[in-house]
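Worksheet for the structure shown next.
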Amino acid sequence: MKHNYFTLTIPALKENVGLVRVLVASFAAQKDLTLPELDDIKVAVSEAVTNSIIHGYGNNPGEIIIKGYFADEGLYIEVIDFGKGIDREKIREKAVLDPEEEHPGLGFIFMQSLMDRVEIIPGERGTKVILFKRILADRTA
Amino acid sequence: MKHNYFTLTIPALKENVGLVRVLVASFAAQKDLTLPELDDIKVAVSEAVTNSIIHGYGNNPGEIIIKGYFADEGLYIEVIDFGKGIDREKIREKAVLDPEEEHPGLGFIFMQSLMDRVEIIPGERGTKVILFKRILADRTA
Amino acid sequence: IGEIRRYLRDNNPIRVSRSLRDVAYKALQVRDNLVGRFSREPTVNEIAEELKIPREEVVFALDAIQDPVSLFDPIYQ
Ligand SMILES: Nc1ncnc2c1ncn2[C@@H]1O[C@H](COP(=O)(O)OP(=O)(O)O)[C@@H](O)[C@H]1O
Ligand SMILES: Nc1ncnc2c1ncn2[C@@H]1O[C@H](COP(=O)(O)OP(=O)(O)O)[C@@H](O)[C@H]1O
Ligand SMILES: [Mg+2]
Ligand SMILES: [Mg+2]
């Protein structure tokens, strides 16, 4: 398959989470994935998009960009918003990613356990979350 | 539901027709549509995207933009490419839309019969096809 | 016909797994039941509600068991 990717722009509405899920699943399914793997990716992406809607924009109007591409022998999904941004202190302290923390966000814990890599990149405005899932080249081998 | 829309950008690859179909159908399903109505929309959009890949880009690399939004009591889907463009003469003579023509393109005939309106807009570079499907406000009434 | 079937299958956006197929056929079954009950074509939302799954998943599953190519595309290119 030739190099493939997508960029999707949607308003930050709850009813669009399902939309993103099936788009990402259809895209990921172009590679040889099992349904449980697809489900992992769908759940992780849902968490990231829901965060942008709820935390990034506080349920106010805004746009979310979702990008997908295959690279580094896996699938990258980026979820980008231009909302209030995620607390840099929180990320540095790894509070959002540490399951040992007192009140850890379950969303990021989830994303981390379902994906092979999760990166949180605070933008000048808003947040970018990069999710990476390794895809076995040939599982029948 | 608040005003909703999407913009999707993908490379002009055959394997992305399925991706577009699923996204458009999921988007359309946010309104009260039946399965046959969804199928009509899916087939029409597939034809437009396939045209961009085959005719617009002649199966060479390029990008396609698909936009969807609800307006005028219906669903609009725009399929935009930046390929070789559709012959203006052909459109003016309505050859592409006339079932009586000797070698009519079946794709456009199909789009016309499945949707409530089809517009072909030659761009400075490439082609924009606008598809419109009226959506009944309340079918249970 | 075998050739065409293989083409369609190989070009399916998702390798149609068993459980996905199950969802799709259940959706079609529910659709038939609802047609009987309502005496009209049910909406996707009504089918999804009956199945208790998100409507996008109904759309996704049904698409996976469908002929994915353009009807008027030359099959052999
Ligand atoms: N897109 C975002 N924009 C701003 N803040 C965010 C974003 N995503 C996450 N956060 C912050 O990180 C915290 C942890 O997120 P998460 O692990 O999903 O837990 P939860 O959503 O249950 O609070 C959130 O409570 C919020 O403060
Ligand atoms: N996106 C496009 N870019 C350039 N030419 C196009 C495009 N879409 C359609 N056409 C032209 O219009 C004709 C009719 O299209 P269509 O009705 O789909 O029939 P077919 O694809 O079977 O030829 C095509 O043969 C092609 O010449
Ligand atoms: Mg969360
Ligand atoms: Mg055509």
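Proteins get letters first, then strands, A, B, ... in listed order; numbering begins at 1 in each.
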| query | Can you tell me how far CZ of B:Phe6 sits from CD1 of A:Ile64, rounded to the nearest 0.5 angstrom? | reply |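 Rounded to the nearest 0.5 Å, the CD1-CZ separation comes out at 15.5 Å.
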| query | Pick from B:Ala29, B:Ser26, B:Pro61, B:Gly68: which one has the most heavy-atom pairs with chain A under 4.5 Å? | reply |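 Highest number of pairs under 4.5 Å: B:Ser26.
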| When heavy-atom pairs shorter than 4.5 Å are enumerated against chain A, which of B:Val20, B:Ile10, B:Thr9, B:Ile66 gives the highest number? |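 Sorted descending by pairs with chain A, the first entry is B:Thr9.
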| query | Counting distance only, does the side-chain N/O of B:Glu15 pair as donor-acceptor with the main-chain N or O of A:Gln30 below 3.5 Å? | reply |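 The answer is no, because no donor-acceptor pair under 3.5 Å joins these two groups.
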| field | Chi angles and distances behind the side-chain contact (heavy atoms from CB on, under 4.5 Å) call for A:Val22, B:Leu23 | value | CA-CA 7 Å; A:Val22 295; B:Leu23 178 69; 5.7 Å; no
